[in-house]
Enquirer: 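My questions will all concern the structure given below.
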Amino acid sequence: MSNQVVVRDLCASDESAWRDLWAGYNRFYKASVPPEVTVRTWERLLDPATALFCRVAELDGRVIGFSNSVLHDGTWVIGKICYLEDLFVDSERRGNGVGRALIGDLVTLGRERGWARLYWHTARDNPARGLYDKFIGADDFVRYQMSL
Ligand SMILES: CC(C)(COP(=O)(O)OP(=O)(O)OC[C@H]1O[C@@H](n2cnc3c(N)ncnc32)[C@H](O)[C@@H]1OP(=O)(O)O)[C@@H](O)C(=O)NCCC(=O)NCCS
């Protein structure tokens with residue numbers, strides 16, 4: 001890529017680009033998030049009073065990827081714990097270090113802000129593990145999840 005990728009906070013004027021990427025992320029997971037949930041997610045990502053936040057990757061003035069995360073407390077540490085919930089890069093821009101920059105950005109932010117831990121889940125067979133393993137190896141925990 002010719003120019004430098006910039007990772008920054010989401011802002012209101014990113015709505016159209018974020019929605020396009022969010023739709024791509026939903027397609028990737030064959031998910032159909034109801035429109036009212038997307039509206040609420042967008043509002044909460046922009047609201048500094050909620051635990052959700054989004055960082056976007058911008059190249060040449062275009063938003064081409066995002067990380068959506070949740071900051072929460074924990075019982076084993078004093079500092080905040082960051083759960084990286086969603087990570088996505090425009091399919092036409094992959095393989096150029098944007099995903100790496102988005103995770104690296106959370107590592108840097110977390111160190112600056114005193115977070116205790118950053119974690120994320122993925123499917124066992126997600127090829128993105130080729131990227132994740134460059135940061136840290138997976139542990140041997142398994143996930144139990146109930147819809148309520
Ligand atoms: C995962 C994702 C965000 C990675 O973004 P990206 O910008 O392509 O990643 P990078 O270019 O920073 O990759 C860095 C390294 O990881 C490797 N890598 C990244 N994604 C990979 C993939 N899907 N398959 C194989 N290797 C991959 C690259 O080869 C690269 O290694 P290199 O620098 O030694 O060549 C992107 O592929 C994506 O949006 N995938 C669909 C959604 C998804 O899977 N999200 C994660 C859900 S948990």
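Side-chain atoms are counted along with the backbone in the values below, which use heavy atoms only and exclude waters and symmetry mates. Read the numbers this way: they start at 1 and go in the same order the structure lists the ligands and their atoms. Worth saying up front: this structure is predicted, and the values here are computed from it rather than measured.
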Enquirer: Can you tell me how far SG of C54 sits from CG of D14, rounded to the nearest 0.5 angstrom?
Expert: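 With rounding to 0.5 Å, CG (D14) is 7.5 Å from SG (C54).
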
Enquirer: For the side chain of D47 and the backbone of A49, is there at least one donor-acceptor N/O pair under 3.5 Å apart?
Expert: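 Yes: the side chain of D47 pairs with the backbone of A49.
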
Enquirer: How does F66 reach ligand 1, by side chain, by backbone, by both or by neither, if only non-hydrogen atoms under 4.0 Å count?
Expert: neither

Enquirer: Checking a contact table here: which protein heavy atom is nearest atom 13 (O) of ligand 1, and how many Å away?
Expert: L131 CD1, 3.9 Å

Enquirer: Applying a heavy-atom cut-off of 4.0 Å, say which part of F88 lies close to ligand 1: side chain, backbone, both or neither.
Expert: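 Within the 4.0 Å criterion, F88 contacts ligand 1 through backbone and side-chain atoms alike.
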
Enquirer: Give the residue, atom name and distance (to 0.1 Å) of the protein heavy atom nearest atom 43 (C) of ligand 1.
Expert: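 The closest heavy atom on the protein side is F28 CE2, 3.6 Å.
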
Enquirer: Of the side chain and backbone of H121, name the one, both, or neither that has a heavy atom under 4.0 Å from an atom of ligand 1.
Expert: backbone

Enquirer: Below 3.5 Å, N or O to N or O, backbone or side chain included: is there any such pair between K134 and ligand 1?
Expert: yes

Enquirer: List the closest protein heavy-atom neighbour of atom 8 (O) of ligand 1: residue, atom name, distance to the nearest 0.1 Å.
Expert: G95 N, 2.8 Å

Enquirer: Quick one: look at N126 and ligand 1, take heavy-atom pairs under 4.0 Å, and tell me if it's side chain, backbone, both or neither.
Expert: side chain

Enquirer: Is the distance between the ring centroids of W120 and Y83 under 6.0 Å?
Expert: no

Enquirer: For the CD atom on E92, are there more than 12 heavy atoms of other groups (residues, nucleotides or ligands in this structure) within a distance under 6.0 Å?
Expert: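 At most 12 heavy atoms, drawn from other residues, nucleotides or ligands, come within 6.0 Å of this atom.
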
Enquirer: Considering only the protein, which heavy-atom contact is closest to atom 37 (O) of ligand 1, and what is its distance?
Expert: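 Result for atom 37 (O) of ligand 1: R94 CD, 3.2 Å.
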
Enquirer: Please list the nearest protein heavy atom to atom 47 (C) of ligand 1 with its residue and the distance rounded to 0.1 Å.
Expert: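 Heavy-atom neighbour on the protein nearest atom 47 (C) of ligand 1: Y29 OH, 3.1 Å.
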
Enquirer: Which residue and non-hydrogen atom of the protein lie closest to atom 33 (O) of ligand 1, and at what distance in Å?
Expert: R100 NH2, 2.6 Å

Enquirer: Which residue, L106, L10, N68, V70, forms the side-chain contact (heavy atoms from CB on, under 4.5 Å) with F53?
Expert: L106

Enquirer: Can we say R8 and D105 salt-bridge, meaning some charged N sits less than 4.0 Å from an Asp/Glu carboxylate O?
Expert: no

Enquirer: Of the choices L21, V89, L84, which has the non-hydrogen atom that lies closest to atom 39 (O) of ligand 1?
Expert: V89

Enquirer: May I ask you to identify the nearest protein heavy atom to atom 45 (N) of ligand 1, giving residue, atom name and distance to one decimal place in Å?
Expert: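 The protein heavy atom lying closest is L87 O, 2.8 Å.
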
Enquirer: With clusters defined by side-chain heavy atoms of hydrophobic residues (ILVMFWY) lying less than 4.5 Å apart, directly or transitively, does Y25 cluster with L131?
Expert: no

Enquirer: Return yes when at least one protein heavy atom is under 4.0 Å from atom 28 (C) of ligand 1, and no when none is.
Expert: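 Not a single protein heavy atom is under 4.0 Å away.
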
Enquirer: Taking the six-membered ring for Trp, are H121 and Y144 ring centroids under 6.0 Å apart?
Expert: no

Enquirer: Would you mind telling me if ligand 1 is within reach of the side chain of Y132, the backbone, both or neither, using heavy atoms under 4.0 Å?
Expert: side chain

Enquirer: Would you call R19 and E15 a salt bridge, using N to O less than 4.0 angstrom?
Expert: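 Salt bridge: yes.
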
Enquirer: To the nearest 0.1 Å, how far is atom 7 (O) of ligand 1 from its closest protein heavy atom, and which atom is that?
Expert: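 For this ligand atom, the closest protein heavy atom is G99 N, 2.8 Å.
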
